[in-house]
Amino acid sequence: MAEQKATPLLKDELDIVIPTIRNLDFLEMWRPFFEPYHLIIVQDGDPSKVIKVPEGFDYELYNRNDINRILGPKASCISFKDSACRCFGYMVSKKKYIYTIDDDCFVAKDPTGKDINALEQHIKNLLSPSTPHFFNTLYDPYREGADFVRGYPFSMRVGQSTAVSHGLWLNIPDYDAPTQLVKPRERNTRHVSL
């Protein structure tokens with residue numbers, strides 16, 4: 001009897017937006033996690049350059065010419081020569097959820113060497129309530145086996161809908177420029193779920 005695979009979380013409700021200036025060979029390492037989803041690729045830089053996307057992915061590819069054609073005189077609102085061109089991907093997505101990733105991100109590994117599905121972790125974050133107004137000193141009080149600490153108001157333990165799941169960053173922390181300048185050697189080697 002063949003093993004039946006589970007349907008990926010939010011498969012029909014999520015787009016993956018990727019700003020890029022290069023071929024998307026990096027997608028091969030993400031294939032097990034991204035292949036079921038629709039990709040919106042926004043090409044930065046020279047629109048005559050052909051960006052190669054590995055076979056097997058469902059995607060749309062937009063460049064500056066497409067943006068000019070679609071937005072006309074308002075096209076200048078989409079920044080280029082930086083990763084903010086991803087905003088066009090947000091605009092054209094018709095899905096409830098958007099996951100975005102840069103074209104130089106690698107798949108992290110847990111301490112046993114197994115690949116970490118960061119997309120799935122973000123989806124679970126989005127589908128879990130958040131703790132409003134108070135910080136719970138346990139990382140995630142909604143995680144199985146966890147609970148709220150003393151003093152956390154009972155009336156707020158139901159939580160609120162999570163709007164943004166940001167991070168899960170390894171190696172160089174995703175600091176703003178001034179913080180990066182004063183902490184040039186700081187590295188993050190611990191994954192949030194470990």
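Hydrogens, waters and symmetry mates play no part in the numbers below; they use all other heavy atoms, side chains included.
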Euclidean distance, [Y] [atom2] relative to [X] [atom1], rounded to 0.5 Å:
| X | Y | atom1 | atom2 | result |
| --- | --- | --- | --- | --- |
| Arg22 | Lys52 | CZ | NZ | 15.0 Å |
| Ile101 | Ser83 | CD1 | OG | 12.5 Å |
| Ile123 | Lys11 | CD1 | NZ | 12.0 Å |

Original post:
Among Asn63, Asp44, Ile21, which one satisfies side chain to side chain contact (heavy atoms under 4.5 Å, CB included) with Cys85?
Top reply: Asp44
Do you know which two heavy atoms are closest between [X] and [Y], and how far apart they sit?
| X | Y | answer |
| --- | --- | --- |
| Thr100 | Pro19 | OG1-CD, 4.2 Å |
| Tyr37 | Ile16 | CB-CD1, 3.8 Å |
| Phe80 | Arg64 | CD1-NH2, 2.7 Å |
| Asp66 | Leu61 | OD2-O, 3.7 Å |
| Pro47 | Asn65 | CB-ND2, 3.6 Å |
| Glu55 | Arg31 | O-NH2, 2.8 Å |

Original post:
Do the ring centers of Phe106 and Phe26 come within less than 6.0 Å of each other?
Top reply: no
Original post:
For the ring pair His122 and Tyr99, is the centre-to-centre distance below 6.0 Å?
Top reply: yes
Subject >> Leu127 vs Leu10, side chain to side chain contact (heavy atoms under 4.5 Å, CB included): CA-CA, chis, key distance, verdict >> reply: CA-CA 10 Å; Leu127 297 176; Leu10 303 178; 4.3 Å; yes
Contact between [X] and [Y] at the side-chain level, heavy atoms closer than 4.5 Å - yes or no?
| X | Y | result |
| --- | --- | --- |
| Lys94 | Asp15 | no |
| Ile41 | Thr20 | yes |
| Leu24 | Asp103 | yes |
| Ile18 | Leu27 | yes |
| Gln121 | Ile116 | yes |
| Leu39 | Asp58 | no |
| Asp115 | Lys109 | yes |
| Lys95 | Glu13 | no |

Do [X] and [Y] sit in the same hydrophobic cluster, where Ile, Leu, Val, Met, Phe, Trp and Tyr count as joined when their side-chain heavy atoms come under 4.5 Å apart?
| X | Y | result |
| --- | --- | --- |
| Tyr97 | Phe88 | no |
| Phe57 | Val107 | yes |
| Leu71 | Ile40 | yes |
| Phe34 | Met29 | yes |

Original post:
Hey, what's the ring geometry for Phe33 with Trp30, parallel, tilted or perpendicular (30° and 60° as the breaks)?
Top reply: perpendicular
**OP:** Dump the intermediate steps for side chain to side chain contact (heavy atoms under 4.5 Å, CB included) on Tyr62 and Gln43, then the final yes or no.
**Re:** CA-CA 6 Å; Tyr62 297 94; Gln43 179 181 343; over 6 Å; no
Distance-only, no hydrogens or angles: does the [X] side chain make a donor-acceptor pair with backbone N or O of [Y] under 3.5 Å?
| X | Y | answer |
| --- | --- | --- |
| Asn23 | Asp25 | no |
| Asp110 | Lys114 | yes |
| Ser93 | Gly89 | no |
| Asp102 | Cys105 | no |

**OP:** Let me see the working for Leu14 and Ile98 under side chain to side chain contact (heavy atoms under 4.5 Å, CB included), right down to the final yes or no.
**Re:** CA-CA 5 Å; Leu14 183 136; Ile98 297 172; over 6 Å; no
Original post:
Just by distance, with hydrogens left out, do Asp82 and Ser79 show a side-chain donor and acceptor under 3.5 Å apart?
Top reply: yes
Original post:
After noting the C-alpha distance and the side-chain angles of Ile67 and Val42, does the key distance pass the side chain to side chain contact (heavy atoms under 4.5 Å, CB included) rule?
Top reply: CA-CA 9 Å; Ile67 294 168; Val42 185; 4.2 Å; yes
